[in-house]
Amino acid sequence: MSIFSKLINRRSNWAVPYAIFLAIFVALPLLLIVLYAFQDAEGSFTLQNFVKFIRQPEAVNTFIYSIGIAIITTFLCILLGYPAAYILANANLNRSHTTVVLFILPMWINILVRTLATVALFDFAKLPLGEGALIFGMVYNFLPFMIYPIYNTLQKMDHSLIEAAEDLGARPSVVFTKVVVPLSMPGVMSGIMMVFMPTISTFAIAELLTMNNVKLFGTTIQENINNGMWNYGAALSLIMLIIIGVTSLFSDGDEQSDSESLI
Amino acid sequence: MAKQSDTIIKIEHLSKSFGEKRVLDDINLDIKRGEFVTLLGPSGCGKTTLLRLLAGFARADEGKISMEGRDISDIPPHKRPLNTVFQRYALFPHLNVFDNIAFGLKLNKVPSKDIESRVRRALKMVSMTDYESRDVNSLSGGQQQRVAIARAIVNRPQVLLLDEPLAALDLKMRKDMQMELKEMHSTLGITFIYVTHDQEEALTLSDTVVVFSEGRIQQIGAPIDIYNEPVNSFVADFIGESNILNGTMIRDREVEFIGHRFECIDEGFGQNTAVDVVIRPEDIYLINNLENAAFTGTIKSCTFKGVHYEMFVETDKGYELMIQDYNAFEVGSTIGMLVKPSDIHVMRKERTCNTFEGTMIAPDKVEMLGAEFECNDTGLKAGDKVRVRVDFRNVSLLDYKEDGALFGEVKFILYKGDHYHLTVLTDNGDNIYVDTNDIWDNSDVVGISIAPRHLRITKRV
């Protein structure tokens, strides 16, 4: 038996290409970020990068501002996305699967193209670019990521639970608040994960829709790295990663499935 | 105070269709206070739909349901004074056992002190004491069903609806729960309406069994009456095991079947009338003495079934009978058989031939069942409305649906001792009845053809 067939016959060996891929494109870059964050330009160990972040009110303010924008965006996405998902998942209100696809369709178009189109739209309507346009663009870009996980959980919900609640004396509005909403929370959590985190680090939308007037944390990182300040940029990235990691602790492991089925 | 009437639920002329399919057809049923009523029938017979109409989850197309003399047809489910136990439990996964059971009480603004004690009592009733704070997902199927029952009875409904509540449990658990449900019914003293497809369960539990088929009530009665006196061959076949045979009522108290004449106790069928005869397999006695026997036969097979042996016997005139006996008889041996007159059950035939309505399209061509059929020259004009009769024997079933004048699906198969009696449902929803010696299976799709000479056509007035 050749070495090759021996390799291929062991099931665990099939994972090797993926392990290599993960090592090179996920683990190594993360390791490099951590390494760079704790080094100065000469390569010796330092905490200076973090001290600089805390001492520099501009970076901290941008960070807090970005989180604020992300919270507003996420909140608006829930406010708009939940009713949309509810209507899509309700067989009485929506009978065709095509409508669902229509809501997902914008995700197939590149985010930059969509944002440039939004800029053109604002120009055409003679609306000013700025903070308002930024939030509009954020919500527009990330809304499908909120709708789909919620739609998915509502779709999979056992209809007999709703009937059971009605049977026990719940009015339609009570059925909604006591049964539908709690049971769709995993979908909402997935949606938050998929909207909140990317919005913190977005910079292209902010640049295009505010004519570079509003700076988000993603912009700060990008600027530092563009200007050759790799170590400081890495430290900022690490801070953001930790924040993202903390928010993801609010979500349970099984909720990942809802966001995965999107891909 | 007015005397409370004996009837708690009255169903009148209730009909419901899903698209083209009529799932309930003119149902009339009175349910007495405190009764244990079972709606029994094969899947798709309409029993679950009736339960959903009672609960309010679906609306009837026609007819009305009244409870305590009040029409509840337009009342939404959350205002109906009845509670449901669902087939797949339908427990709220985000609530623990206590909150599941207290769900209805909280909505009805019951003081929290009372909620506590009522939930405890309900849990005790279903033998689940001390499970209050358990997560419902950590419970076994049987425990979940107990919680589901507790969640329904804690609201003290006047009527409890149960939708195949034991179908998902294993056999042993099901038997235990049956006993517990029966006990619970007598303790609570409320009306139980129970849906099942399991005839044994229905006979064990109920005060009254309602047998459904094809959206219609076939028979209503006490379990013992349904078993001993089935009104038609469907009920006889569905409830228990039985030999169902074609027979002829010679005169009162004398019936002929399997090529022999028997004394029976039925009267009033007229003379020389075609009937169906039902004999339960345990009611045929096997004896070694051939001279005293009513008829003789040969044992074809003999299988041990635990308490009894199940044997198939070919009679002297070539009919096959199923017989159950505590003694085994050797395969191949010739034996004598006896049947007591009171064990022969005679039923009026629902029909003796197929009757269709059609229209002539030429003197030798008729349109019926949504297809065209050739026939012998009738001398009738095109456009004449006609009635067509076809004997069960004369309908041919074909393997390929394209080969027939039309096609249909085999819905119901009845073995009649020497042939099969099939009900074939066409696309248009017509039933065609066929006698055949060929073996078909349920839900086979078959082509249907009828030879021109077998169409007996008369003009409709």
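Residue numbers start from 1 in every chain, and the chains themselves are labelled A, B, ... in the order their sequence lines are given, proteins ahead of strands.
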Please rank B/Leu82, B/Asn108, B/Thr84 by heavy-atom pairs under 4.5 Å with chain A and give me the top one. B/Thr84

Can you tell me which portion of B/Phe86 sits under 4.5 Å from chain A's heavy atoms? Options are side chain, backbone, both or neither. side chain

Of the backbone (N, CA, C, O) and the side chain (C-beta and beyond), which part of B/Arg52 lies under 4.5 Å from a heavy atom of chain A, both, or neither? side chain

Interface residue of largest heavy-atom contact number with chain B, from A/Leu161, A/Leu183, A/Ile162, under 4.5 Å: A/Leu161

Name the region of B/Asn155, side chain, backbone, both or neither, that has any atom closer than 4.5 Å to a heavy atom of chain A. side chain

A quick test of your reading: do over 12 heavy atoms of other residues, nucleotides or ligands sit less than 6.0 Å from CZ of B/Arg22? yes

Can you tell if the side chain of B/Phe103 reaches within under 4.5 Å of the side chain of A/Lys178, non-hydrogen atoms only? yes

Nearest-0.5 Å distance, NE2 of residue B/His78 to CD of residue A/Glu163: 14.5 Å

Atom group of A/Val179 that falls short of 4.5 Å from chain B, counting heavy atoms: both

Measuring only between side-chain heavy atoms, which start at C-beta, is B/Pro76 closer than 4.5 Å to A/Arg171? no

B/Lys32 atom NZ: more than 12 heavy-atom contacts under 6.0 Å: no

Which atom pair, heavy atoms only, marks the closest approach of B/Ala90 to A/Ala164? O-CB, 3.9 Å

Part of B/Leu161 within contact of chain A (heavy atom distance under 4.5 Å): neither

Closest contact, heavy atoms only, A/Leu168 versus B/Leu107: O-CD1, 3.9 Å

